[in-house]
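Note on naming: letters A, B, ... go to the chains in the order of the sequence lines (proteins, then strands), and numbering restarts at 1 for each one.
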Number of protein chains: 4
Amino acid sequence: MAQSDQKKIKRTRPEVMDAIRDSAIAEFALHGLKGASTQSIAERAGLSKAQLHYYIESKEDLYEKILEHVVDEWIRVFSFGDVELGPRRVLSDYVRKKLEFSFDQPLLSRIFANEMMRGAPVLTPMMSRPRTRTAHAVECINHWIEQGLMRTLDPMLLMMNIWSLTQYFADFEYQARYMLRVKEGQPLDQEHIIAEVTAFVLQGCGVVAED
Amino acid sequence: MAQSDQKKIKRTRPEVMDAIRDSAIAEFALHGLKGASTQSIAERAGLSKAQLHYYIESKEDLYEKILEHVVDEWIRVFSFGDVELGPRRVLSDYVRKKLEFSFDQPLLSRIFANEMMRGAPVLTPMMSRPRTRTAHAVECINHWIEQGLMRTLDPMLLMMNIWSLTQYFADFEYQARYMLRVKEGQPLDQEHIIAEVTAFVLQGCGVVAED
Amino acid sequence: MAQSDQKKIKRTRPEVMDAIRDSAIAEFALHGLKGASTQSIAERAGLSKAQLHYYIESKEDLYEKILEHVVDEWIRVFSFGDVELGPRRVLSDYVRKKLEFSFDQPLLSRIFANEMMRGAPVLTPMMSRPRTRTAHAVECINHWIEQGLMRTLDPMLLMMNIWSLTQYFADFEYQARYMLRVKEGQPLDQEHIIAEVTAFVLQGCGVVAED
Amino acid sequence: MAQSDQKKIKRTRPEVMDAIRDSAIAEFALHGLKGASTQSIAERAGLSKAQLHYYIESKEDLYEKILEHVVDEWIRVFSFGDVELGPRRVLSDYVRKKLEFSFDQPLLSRIFANEMMRGAPVLTPMMSRPRTRTAHAVECINHWIEQGLMRTLDPMLLMMNIWSLTQYFADFEYQARYMLRVKEGQPLDQEHIIAEVTAFVLQGCGVVAED
DNA sequence: GATGAATGAGGGTTCATTCAT
DNA sequence: TATGAATGAACCCTCATTCAT
């Protein structure tokens, strides 16, 4: 929209790269790797197809980079917190952060979801590093269970449950809007959702109420 | 693959139509509407592209039909049950049915997820009928809350939570396998998952334990 | 239209052949030989494509037959009349017959026009017989000129002029309607046109008024 | 044919566009919109199909542009002249210009004829502007009739008559050659035709001879 | 850096026709 | 006769990418 109005504002290389990444995110989120077209990405970024290919290596490569970006963002944002703070505090924070990310960056989540639904053919080769983060979270949870701070449950499944509960508001935003009767332009009631989901998770884990 | 070896096993029209639908489901689940190619669908079904177009009207139309099929299946399978049975029984059944569907028909769920992530451009025009089913579920839940059978919560958000918790095992099957360290060929421990998710939901709703 | 309402009224072979010819005339008039599709012809005739090809040899052949039909019709209808009747009578009759044919059978004329515009590639091989009819007309006209019944002119060009003046109302019916401001459904004022064109031709030939 | 021998004579963009337009004119004149193939147009212009589509938007669009070109050319060339010059002079000029255009640019005329025969589906939406030109001509003719410079007649029909008489030598060039026994390569006797048609028109209108 | 052009493959779809049944 | 199915070519058009300039 904006880039078509103002003609020929020379952009620096990083600016162009950002524009490309944003455009690609939008297209990949909409149509997946195969369905996205370099044409559309170029247009969105205010470039010609030839120009685009000057900046990127290939569509596949661009996709990979973005996927990497998604994973990096998640690692950056979703720290599980300190065990000592207890499950109530840690889980509440975690759910909030995940939900806020879903509200703010739904497209990133959708790209990831798309990749997963296809069996993660591109992500798998990238994922050589060990999953220390999840391991850490599992440890925490087990520790809390042992301490009687939450009910006995499968920690890994808890992580997956939280994942799905929070991811939902990014991937299925449209469905959420439909069910909550919130029109396209209007914002969801984020605090209400955070409160409800948090309560659901805490209760689901049997986290004892603070006294 | 196999079908190219054995020549000319005449199939009846419904058999061919079924093969086409299955192939299309696989392709659409993998690549979405835009990314799926009639070429691939035809090959999967053991047909030439020209042959395929003898049986279908267009790619769009085929997609629509399948989407309709998905919705119909869901309506058929996911009845919410009788209020009188109480939340424990009804929610347990509901969660089980949804999870089993996710385990059995993950592709259908993924097609739906894909459609949703794109803003439901094809589904929306099809959805004229009122959402009586969801309305019914909401009523039930409210009734249970009033009766003190579960804690106070937003019924619609509960429905969405259950949706995401169960849908996860279809859409993110690959992620689930990765986290639970279950190899491609091997089955997930479905009963364990059902038990854990059910417990999580019941606890999350604050459904009182049976005595 | 009619054939889609009444299902399965068995038609005799000639009836079917007639339906095919009519459909083909409509399609060829609209799109020419290359642009017409057997699909459309079959549909118009209430047949399947396979059925159609049972009745016809090929699209080309069908076209040829129809072209033959057009030429035959013209030969049948457009006799130039007797010299003895004089130019006024003969030319008036001739113009009237040609115009009435244009009004009644514009499609036939258009197929012919189309063939001509393409250089008559199909018609030429069919036209081996000598053009005795035109020769006869030229003779008549020359005779009338010698007798002082009309002004001196090139008889062949006169024939071509009459041809174009009359053919116009078939081939350019749409333009005529546009210029005369006659809506699609309504009929042209045929008698007015016949009167005007006849007067124009007679005057153009310098045919002396009857006393 | 020739262009396939000599490789890589780089053409400027306008040159290529011209080649495309000429090729398209030839194909559309031969086969109409539906019957013309981009394949043939590309080949004629010495391009690949993909190349062609780099220069044009679509077949339909190319056709539209050409139709516009035809109409523009006609508007440019066919001015009706000044009333004061009198019918003899004006009509003679007009007939000559129209005939010369038919001789020089028969293909353009045929594309128009083809469009008309199909009911002008593409032209109609383009024709919003008022037909001031025809209105002007009608006025002139009426004026001359009132002044006794020509016989009483329907001015609009006169215009249509002139149209058909002159258009004939473009659309039915092949028939004209056949009847006048002029072989494919050889030119028609244009001056003779102009003289005869002009005389026919003037006489047909009853335009009084100059003294 | 940026642009116009080219390319060969593939996109979805229709073609005229044939062949069993 | 009529029908469903098959076929291989052709339809218009877009694809991702490359290459001179």
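Side-chain nitrogen and oxygen atoms of B/Arg13 include none within less than 4.0 Å of the OP1 or OP2 phosphate oxygen of F/dG4. Between C/Gln51 and F/dT1 there is no side-chain N or O to OP1 or OP2 distance below 4.0 Å.
Atom CG of D/Leu62 and atom P of F/dC12 are 11 Å apart (whole Å). In this entry the distance linking CD of D/Glu43 with P of F/dA10 reads 11 Å, nearest Å. With rounding to whole Å, A/Glu27 atom CD is found 10 Å from F/dC15 atom P. The OH-C1' distance, from B/Tyr63 to E/dG12, rounds to 17 Å in whole Å. We find that CD of D/Glu15 is positioned 12 Å from P of E/dA5, with the value rounded to whole Å. With rounding to whole Å, A/Arg11 atom CZ is found 13 Å from E/dA2 atom C1'. Rounded to whole angstrom, the span from the CG atom of B/Leu33 across to the P atom of E/dG12 amounts to 10 Å. Atom CG in D/Leu47 sits about 17 Å away from atom P in E/dG4, given to the nearest Å.
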message: At under 4.0 Å between heavy atoms, how does the protein contact nucleotides 16-21 of chain E? Give one character per nucleotide, 5' to 3', with B, S or -.
response: BBB---
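Here salt bridge (charged side-chain N to carboxylate O under 4.0 Å, His left out) pairs that include residues 111-128 of chain C, with residues two or more places apart or in two chains, are C/Glu115-C/Arg118. Within the structure, the salt bridge (charged side-chain N to carboxylate O under 4.0 Å, His left out) test picks out the following pairs touching residues 58-70 of chain B (sequence neighbours left out): B/Asp61-B/Lys65.
Looking at DNA chain F, the stems built from 3 or more consecutive Watson-Crick or G-U wobble pairs, each pair with its key distances under 3.5 Å, are E:2-21 with F:2-21.
A search for side chain to side chain donor-acceptor pair (under 3.5 Å) contacts involving A/Ser40 returns A/Ser37, not counting sequence neighbours. For B/Glu15, there are no salt bridge (Lys or Arg N to Asp or Glu O under 4.0 Å) partners, not counting sequence neighbours. Qualifying side chain to side chain donor-acceptor pair (under 3.5 Å) partners for D/Gln51, counting only residues two or more places apart in sequence or in other chains: D/Ser48. Residues passing the side chain to side chain donor-acceptor pair (under 3.5 Å) test with D/Glu27 are D/Arg44, sequence neighbours excluded.
Residue whose closest nucleotide on DNA chain F sits further toward the 5' end, between C/Val16 and B/Thr12: C/Val16.
For C/Tyr63 and C/Ser58, the side-chain atoms include no donor-acceptor pair closer than 3.5 Å.
Atom CD of C/Gln39 sits about 5.0 Å away from atom NZ of C/Lys49, to the nearest 0.5 Å.
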Taking distance alone, no hydrogens or angles, what donor-acceptor pairs closer than 3.5 Å link side-chain atoms of residues 28-35 of chain C to residues at least two apart or in another chain?
{"residue": "C/Lys34", "atom": "NZ", "partner": "D/Gly35", "partner atom": "O", "Å": "3.2"}

